Amino acid sequence: MSNSVISVISRFLEEYTTTTPNKLKVVDSYLFYILLTGALQFLYCLLVGTFPFNSFLSGFISCVGAFILGVCLRIQINPQNKGDFLSISPERAFADFLFAHTVLHLVVMNFIG
Amino acid sequence: MYWLFGLFVLSLALAGAQALTPAHYLSLPDVARLQNLLSQQFTGLDSAYYSVVGLSKLGATIPDHEVRRICQFLKSQLDPMSIDSLFFAAETSQAISGCEIPVSNETRDILLAAVSEDSTMTQIHRAVSALSSLGLPLASQEVVGALTGRINKEDNVMAGGGVQGAWHYSTAARLSQQTELGGILEEIEDLTARLDDLGGIYLQFEEGLEATALFVTAAYSLSDHVDMEPPLKEDQVIQLVNSIFSKKSWDSLAEAFSVASAAAALSNNRFHVPVIVSALGPATVSHSQPTLQLLVTDVMSQPLALANVLVESAYSVASKSVILSHASFTLNDGVFELNFMSSRPASGYYQFAVAVTGDTRLVGNHVELKVKVSTEVVVNNMDLSVVDKDQSIGTKTTRVDYPSKGKSSFTADSHQNFAMAFQLVDVNTGVELTPHQTFVKLHNQKTGQEVVFVAEPDSKNLYKFELDIGERKSEFNSISGTYSLHLIVGDATLENPILWNVADVVLKFVDEEAPVAIQPKTLYVPKPEIQHLFREPEKKPPTVVSNTFTALILSPLLLLLILWLKLGANISNFSFTPSTILFHVGHAAMLGLMYVYWTHLNMFQTLKYLAIIGSVTFLAGNRMLAQIAVKRYVP
C-alpha cells in the first residue's frame, strides 16, 4: 500500500519538475511560501490562544486570500489554459492580481488593529 | 354619558340655589372687633362721624361725658364753609343727643347752593343730609330735579356706580314722604344688575366691599322711607350678606362704618331680615347630652324677637329613613332646644331640615343641618381559642370579659390557628354596631414589632378573627415569643374608643431566625459602596513565545528566496524605462502606504492617497505591461 503511494508521489514530482515551465514553478514556490505562512499562523493560534482575535483573523485571511489570488494568477498564465482565457493576456492577469492584492491589503490592514 | 353628568351638575346647582343660606355673618366676636375699631381716637370730623354714627348703628350707647367731649370736638373742628365738614358735624350731632351745631344764614345758603346738578352726587347727598339733620327747610322737588339732572350729566355712570347709587338713594330717603320717589326705588333693580356674581355665593360691586355695603344701606333706607319692598330677590339678599360680612378685618374707618351700617340695615328694616341659624357647640347629641341647641339670630348675632323654629324633617343619612317630622324647638333662655334622643335614633349622622317662621320678613330661613348622634360601645362575648388546623384536637374556648385581661396566656404554633370572636354592642340600645375601625394588634414585647390585622363582621354582625400562624409567619418575621394582643375599636360616632389588652399570646414558629431587634426602616441607610471593576486585560502569552513565532513566520520567506534562486528566477529583463521605474516606485509607495495606514491613518485618508498613488501606478503599470507584451509577442 505505502509502496504505491510512494511511487505515485515520486512519479508526480518527476512529472512536475520536467513538464512545468519555469514561470509556473516560480509562482508555485510563492504559493508554497504563502501556505507555510498561513499554516504557521494557525499553529500559533492553536497553541497559544486566539488573543488578539482580530489580528489572527486578518493575518490568516491575508494568507488565504493571497493564496487564492496566486492560484488564479497561475491558472491564467498557464499556457495550457490559453484556450480558456483568450481575452486575458498574462500581463492582464498580473495586473488583475496586483489590483486584487491592493484591495486585499486594504482590508487586512483595516482589520489588523 | 355626558348629558347624565350635566343633568347631575344642574340638579346640584338647583339644589344649591334653592337652599341658599348665609355663609357669613357677624358673630359676637366680630361685632366686638368692629366696635373696637370704631372706638378709636378721632383724628378729624370724618373719623368722628364714622366712629360715632357707626357705633350707634351697632347699638352701642355712648356715655354722657363722652357725649360732651364729642360735642366740644365737633364745634371746635367745624368749618362752616365746607359742605363735608357741615355734613359730618351735623350727622354726628344727630347721633348723640343734646348737641346743637350753631347754624347761620350763610351756612344755609351754602348748603342750598350745593343742591344743584352741577355738584357731584356725593356733595348733593351731604348737603341734603346736613340740611335735614340741622333742621333747615328743604325743597324736595328741587332736590329731585338736581338728582335727575346729575344722573343725566354723569358721563361715566359705569365707574363708581354703586357708590353713586348709594348717595342717590340716601338723598332720596331724606326727602319728604309726599315726594314721588317710587321711580327711584325701581332704579335699584338696574343697579343690582351690575353686581358681580361670584360662584353663586357672593354678589358685590366691582368697586368693592364699601360700595356694596353703602348700596345695601341706602336701598333699605329708601325702601323703608317709601314703604315699598326693594326689588331685591331673596337669593340676592343672601349673596349680598355673604359678600359684606365675609371680610372680618377692615382696612379703614370708612369701610368699617359701611359694614356697620349694612348690618344695622339688614337686621332692622321692614322687608328683608336674613336669618342665621347655627348650632351651639358641635351639632352632636348623645345619651349624656340629648338636646340639640340652636342659636337663631340676625346678621349681627342679635337673637330674633319673634321666631318659631321647627324641624320639618330629619332623616338618617345612612338609611334614608325619616326619624322626625314637624317637631318644634322650645325656646330656653335665648337658645332653641330639641330633645332628639327621645326619638330614639340609632347612632350615626342625620340630616335636619330646619325652618324658622314667625316673621314674614325672614330671608334664608330654611336651613340644612347635619347632626351626629354618638353613643358608647361595649365588647361582649369575647371568646379566644387555639384551634388545631386539622381539627383533630377539640378547641378550648376561653371567655375574657372587658376590660380585664385574660388570666393565662395562649400558646400557638404553626400547626394551629388562633381564633377570636366577639360582639360590639351599643350600651344604651343593645343594638349590634359595626364601627369603622376594628383592629387586632399583636405587639412583640421584646422586639417592639407590631402586626395589625382587621377583624370583619359576618352577616349577623358577629366579629370573627382567625390568625393562621403558619401562613402569616412572614408578617411576624418568624420571630417566636410573647405577643400582647390588643383590640382597637374606633368610629366617629363612638364616644369611647377602645384599646383593650385582651391577653398574651405565645407564638412558636418553625425555623426561627435569631431574634433580631427590629431595625425600623433600613431603607435610608447608606448602602455598601460598589467598587468599579475595570475590564481586566486578557492574559497575554509571554514575549518569548510571540518572538519565537514571529521568527518562525518569517522563515518561509527565506525559503521562498532560496527556492526562487534555485529556479533561476531573475530580474535580468528589467528595462529601465520611465514607466517601469514609475510603476515599481508607485507599487512600493502603495505598500508603504499600507504600513502607514496601519500605524497612523484612517480609511478615508488612506483611500485618498491610494487613489492618487494607485492611478499613477496603474498608468505606469499599464504602459510597462504593454511593453512586455509587445516584447513577448512572437508572430
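Quick note on labels: first sequence line is chain A, next is B, and so on, each numbered from 1. The structure presented is a predicted model; accordingly, all values stated were derived computationally and were not measured.
Counting only distance, with no hydrogens or angles, the side chain of B:Lys441 and the backbone of B:Val451 share no donor-acceptor pair below 3.5 Å. In this structure, the side chain of B:Asn602 engages the main chain of B:Gln605 through a donor-acceptor pair within 3.5 Å.
Looking at B:Met594, the atoms closer than 4.5 Å to chain A (heavy atoms on both sides) sit in the backbone and in the side chain alike. Heavy atoms closer than 4.5 Å to chain A are found in both the backbone and the side chain of B:Leu567. Neither the backbone nor the side chain of B:Leu554 comes within contact range of chain A; no heavy atoms are under 4.5 Å apart. Only the side chain of A:Val48 comes within less than 4.5 Å of a heavy atom of chain B; its backbone N, CA, C and O stay farther away. For chain A, no part of B:Leu593 is nearby; none of its heavy atoms comes within less than 4.5 Å.
More than 12 non-hydrogen atoms from other residues, nucleotides or ligands lie less than 6.0 angstrom from NZ of B:Lys631. Taking a 6.0 Å sphere around CZ of B:Phe618, one finds it holds 12 or fewer heavy atoms contributed by other residues, nucleotides or ligands.
A:Ser10 and A:Ser7 form no side-chain donor-acceptor contact under 3.5 Å, judged by distance and modelled atom types alone.
Centroid-to-centroid, the aromatic rings of B:Phe465 and B:Phe453 come within less than 6.0 Å. Taking the six-membered ring for Trp and the full ring otherwise, B:His532 and B:Phe534 have centroids separated by under 6.0 Å.
Options A:Ile112, A:Leu47, A:Leu106 differ in how many heavy-atom pairs under 4.5 Å they form with chain B, and the most are formed by A:Leu106. Most heavy-atom pairs under 4.5 Å with chain A, from the set B:Leu552, B:Ile628, B:Ile553, B:Leu563: that is B:Ile553.
Residues of residues 28-39 of chain A lying within less than 4.5 angstrom of chain B, judged on heavy atoms, are A:Ser29, A:Tyr30, A:Phe32, A:Tyr33, A:Leu36, A:Thr37 in numerical order.
Below 30°, between 30° and 60°, or above 60°: for A:Phe42 and A:Phe60 the angle between ring planes is between 30° and 60°, a tilted geometry. Note: B:Phe476 and B:Tyr483 have perpendicular aromatic rings, judged against thresholds of 30 and 60 degrees for the angle between ring planes.
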